[in-house]
Every structure is written in structure tokens, then in C-alpha cells.
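Please read the structure below before turning to the comments.
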Amino acid sequence: MKLIVAIIKPFKLDDVRTALSELGINGMTITEVKGFGRQKGHTELYRGAEYVVDFLPKVKLEVAVASDMAERVVETIIESAMTGKVGDGKLFVYDIDKVIRIRTGEMDQDAI
């Protein structure tokens, strides 16, 4: 099993969610986060004063999938989240040792 974590632009969330639903992915966790990478933030004007916005709003998407689905899920997220501009985000893939559904006690694949 794999845990796929993607940090994407907020306005791409609906596109990614729709694409993953078409793959049969039923569950995911979404968190609103802030951060920066090479994009390094930007400057904005507020009431005539310029200030630096260091941390940009992003969305963190977490999806647990079977190992054989991981590559398709990764490709789908990349295709649906990509704008071709700086700040499109990052994608991380982790191995999962064990998953347990708390309500039923189901384990591993059955718990996903």
C-alpha cells in the first residue's frame, strides 16, 4: 500500500478530485496549508504599502491506495494539477506498513 501526498494550487483541487473519482478513488484527506518553495512568495500592495507574502496558500491532498494503483494515481494527479507555471506543487509517495479501520477493525487493503 502507498500513501500519496500532493501539495497543489487551491484552484486545481476540483480538477484533481474529479479525475481521482473517475479512477475509483473514494476517499482522500484535504488540508489547507501555506508554504513556499522556489516560488519564494510574492509582494502585494495594501493601502499603498508594499509587503511580502512569504507563505502562499496551497492544498495538501492525501490518498491511501493499493500499490498497484499508485502509479496511475500519481500520473492522474500530475496531469490534472499541472498548469506549467512555477508553484504547481510537489508529490510524495510513501510506503504504508499497516492500515486499520477503527470502526470495524478491518486491516490493510480492506481498510482502504
Side-chain angles (χ1 to χ4, degrees):
M1 294 172 297
K2 303 286 185 182
L3 177 64
I4 299 167
V5 177
I7 310 293
I8 61 172
K9 291 182 176 183
F11 69 89
K12 296 301 281 182
L13 178 59
D14 284 337
D15 295 341
V16 172
R17 192 175 131 231
T18 301
L20 289 176
S21 293
E22 290 172 4
L23 269 185
I25 302 300
N26 297 324
M28 61 189 74
T29 300
I30 308 295
T31 311
E32 292 180 8
V33 296
K34 291 185 178 190
F36 70 92
R38 290 187 181 157
Q39 201 172 1
K40 302 267 197 272
H42 63 278
T43 58
E44 289 186 3
L45 281 175
Y46 180 71
R47 294 187 178 181
E50 189 173 290
Y51 67 98
V52 177
V53 178
D54 290 332
F55 297 101
L56 300 171
K58 302 287 182 179
V59 174
K60 180 179 178 182
L61 174 105
E62 297 171 289
V63 182
V65 298
S67 294
D68 60 341
M69 287 264 319
E71 196 58 38
R72 283 191 299 173
V73 170
V74 166
E75 290 169 3
T76 300
I77 293 172
I78 290 171
E79 288 170 9
S80 54
M82 184 185 298
T83 66
K85 297 186 174 143
V86 174
D88 273 351
K90 294 275 190 289
L91 204 139
F92 307 93
V93 180
Y94 302 96
D95 287 322
I96 298 177
D97 291 330
K98 183 179 280 196
V99 177
I100 302 170
R101 185 181 311 243
I102 295 171
R103 178 177 53 87
T104 62
E106 293 171 295
M107 298 184 74
D108 300 331
Q109 293 290 67
D110 295 331
I112 295 179

task = Verify side-chain contact (heavy atoms from CB on, under 4.5 Å) between T76 and E22, making sure each step is shown before the conclusion.
result = CA-CA 10 Å; T76 300; E22 290 172 4; over 6 Å; no
inquiry  = The test is side-chain contact (heavy atoms from CB on, under 4.5 Å); show your working for L61 and L20 and say whether it passes.
reply    = CA-CA 11 Å; L61 174 105; L20 289 176; 4.0 Å; yes
Should [X] and [Y] be regarded as members of a common hydrophobic cluster, given that ILVMFWY residues are connected when their side-chain heavy atoms come within less than 4.5 Å of each other, either directly or indirectly?
X   : Y   : result
I30 : V65 : yes
M69 : V16 : yes
L56 : L91 : no
I7  : V93 : no
L3  : F92 : yes

Measure across [X] and [Y] and return the closest heavy-atom pair with its distance rounded to 0.1 Å.
X   : Y    : result
I96 : A64  : CD1-CB, 3.9 Å
V99 : A111 : CG1-CB, 3.5 Å
I8  : A81  : CG2-CB, 3.8 Å
V63 : M28  : CG2-CB, 3.9 Å

inquiry  = Looking only at the side chains, is there a donor atom on one of T83 and D88 sitting less than 3.5 Å from an acceptor on the other?
reply    =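 Their side chains do contain a donor-acceptor pair, which is all the 3.5 Å distance test asks for.
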ask   = Given side chains that start at C-beta, do those of K34 and K58 come closer than 4.5 Å, heavy atoms only?
value = no
request  = Take K2 and D95 through the side-chain contact (heavy atoms from CB on, under 4.5 Å) test and state the conclusion after the steps.
outcome  = CA-CA 5 Å; K2 303 286 185 182; D95 287 322; 2.4 Å; yes
Salt-bridge criterion met for D108 and K98 (N-O under 4.0 Å) = no
ask   = Within a reach of under 6.0 Å around CE of M82, are more than 12 heavy atoms found that belong to other residues, nucleotides or ligands?
value =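 No, CE of M82 has 12 or fewer neighbouring heavy atoms, counting only those of other groups under 6.0 Å.
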query = Do side-chain atoms of K12 reach the backbone of I77 as a donor and acceptor pair under 3.5 angstrom?
reply = no
